[in-house]
Amino acid sequence: MSTESPFLDILFVYGTLLKDAEHLMSSYLLERSTFLGPGMMPGQLYKVDFYPGAIHDPASETQVYGELYQLSEPQKVLEVLDGYEGFDPQNEAHSLFRRTQVEIMQDGNLLTSWVYVYNQSPEGFPLIPSGDFLKYEFQQIKTS
């Protein structure tokens, strides 16, 4: 379920919202939050388009790497990011991404965080084996 705790103000990001992604929406997030540092969640990361899609899988031996942010105005920021991520709380089944709460590992501690997980089948999309989107993108550019 996507709205377990409306007061949760921590967000985990792993793609175009990363601070070094140099994307308009990553700037939006940085201006409205406090960077808490790196984190990771169990699962797989896929290259969907110019953006990745993460599949959360608590039983996975692989990790998705990203960053944690504390949102200054969670409700307002999440509404904007819901639109950016193609998440409609009134129609989760047809949303591109789904905002949900996940336990994120940071410095040996588990933090409950919002995360946008890919809500479609990843079949046919390349797996990002490292679980690190920006590292993958850099390697793709380097080998082109």
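Model, not experiment: these values are computed from the prediction.
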| task | Please test Glu103 against Thr112 for side-chain hydrogen bond (donor to acceptor under 3.5 Å, both in side chains), starting from the C-alpha separation and ending with a verdict. | result | CA-CA 5 Å; Glu103 295 292 312; Thr112 301; 2.6 Å; yes

| task | List the steps, then state whether ring pair (Phe, Tyr, Trp, His ring centres under 6.0 Å) holds for Tyr69 with Phe35. | result | CA-CA 5 Å; Tyr69 292 86; Phe35 176 68; 5.5 Å; yes

| task | Would you please test Arg99 and Glu92 for salt bridge (Lys or Arg N to Asp or Glu O under 4.0 Å) and show each step? | result | CA-CA 9 Å; Arg99 177 168 43 91; Glu92 287 189 29; over 6 Å; no

| What do the steps show when you test Leu45 against Leu127 for side-chain contact (heavy atoms from CB on, under 4.5 Å), and what is the final call? | CA-CA 6 Å; Leu45 192 62; Leu127 177 69; 5.8 Å; no

| Verdict with reasoning, Leu78 to Tyr116, per side-chain contact (heavy atoms from CB on, under 4.5 Å) | CA-CA 10 Å; Leu78 290 172; Tyr116 290 93; 3.9 Å; yes

| request: Kindly indicate, with the supporting measurements, whether the criterion side-chain contact (heavy atoms from CB on, under 4.5 Å) is fulfilled by Leu81 and Leu17. | output: CA-CA 9 Å; Leu81 294 179; Leu17 293 175; 4.1 Å; yes

| request: Please step through side-chain contact (heavy atoms from CB on, under 4.5 Å) for the pair Val115 and Tyr14, ending with a clear verdict. | output: CA-CA 9 Å; Val115 63; Tyr14 56 83; 3.9 Å; yes

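Cluster annotation: Met40 is connected to Leu110 through the hydrophobic network of ILVMFWY side chains, with a link wherever side-chain heavy atoms come within less than 4.5 Å. The cluster map of Ile, Leu, Val, Met, Phe, Trp and Tyr, joined by side-chain heavy atoms under 4.5 Å apart, puts Leu30 and Val13 in the same cluster. Linking ILVMFWY residues whenever their side-chain heavy atoms come closer than 4.5 Å, directly or via other members, places Tyr84 and Val80 in the same cluster.
Proximity of Ser72 to Arg32: side-chain heavy atoms (C-beta onward) are separated by under 4.5 Å at one or more points. Looking at heavy atoms from C-beta onward, Val77 lies out of side-chain contact with Ser33 at the 4.5 angstrom threshold.
Between the side chain of Asp49 and the main chain of Tyr51, no donor-acceptor pair closer than 3.5 Å is present. Judged purely by atom type and a 3.5 angstrom limit, Ser113 uses its side chain to pair as donor or acceptor with the backbone of Phe12. Looking at Asp9, its side chain never comes within 3.5 Å of a backbone N or O of Pro74 through a donor-acceptor pair. Without hydrogens or angle criteria, Glu22 side chain to Ser27 main chain gives no donor-acceptor distance under 3.5 Å.
Residues Val48 and Gly53 share a closest heavy-atom pair of CG2-N, 3.6 Å. Residues Pro52 and Phe97 approach most closely at O-CZ, 3.5 Å, considering heavy atoms. Closest of all the heavy-atom pairs between Ala21 and Gly15 is CB-O, 3.8 Å.
A parallel orientation is assigned to the rings of Phe50 and His23, their planes being inclined by less than 30° (bins at 30° and 60°).
To the nearest 0.5 Å, the span separating CG on Leu96 from CG on Asp88 amounts to 12.0 Å. Taking CD1 of Ile104 as the start and CG of Asn109 as the end, the distance is 13.0 Å to the nearest 0.5 Å. Rounding to the nearest 0.5 angstrom, the gap separating the CE atom in Met41 from the CD atom in Gln106 is 15.0 Å. The structure places CD1 of Ile55 at 10.0 Å from CZ of Phe125, a figure rounded to the nearest 0.5 Å. The CG atom of Leu71 lies 10.5 Å from the CH2 atom of Trp114; values are rounded to the nearest 0.5 Å. Glu137 contributes atom CD, which lies 10.5 Å from atom OG1 of Thr16 (distance to the nearest 0.5 angstrom).
Using a 3.5 Å distance cut-off with no hydrogens or angles, the side chains of Gln44 and Ser60 do pair a donor with an acceptor. There is no side-chain donor-acceptor pair under 3.5 Å between Ser130 and Tyr65.
Between Tyr46 and Tyr118, the gap from one ring centroid to the other reaches at least 6.0 Å.
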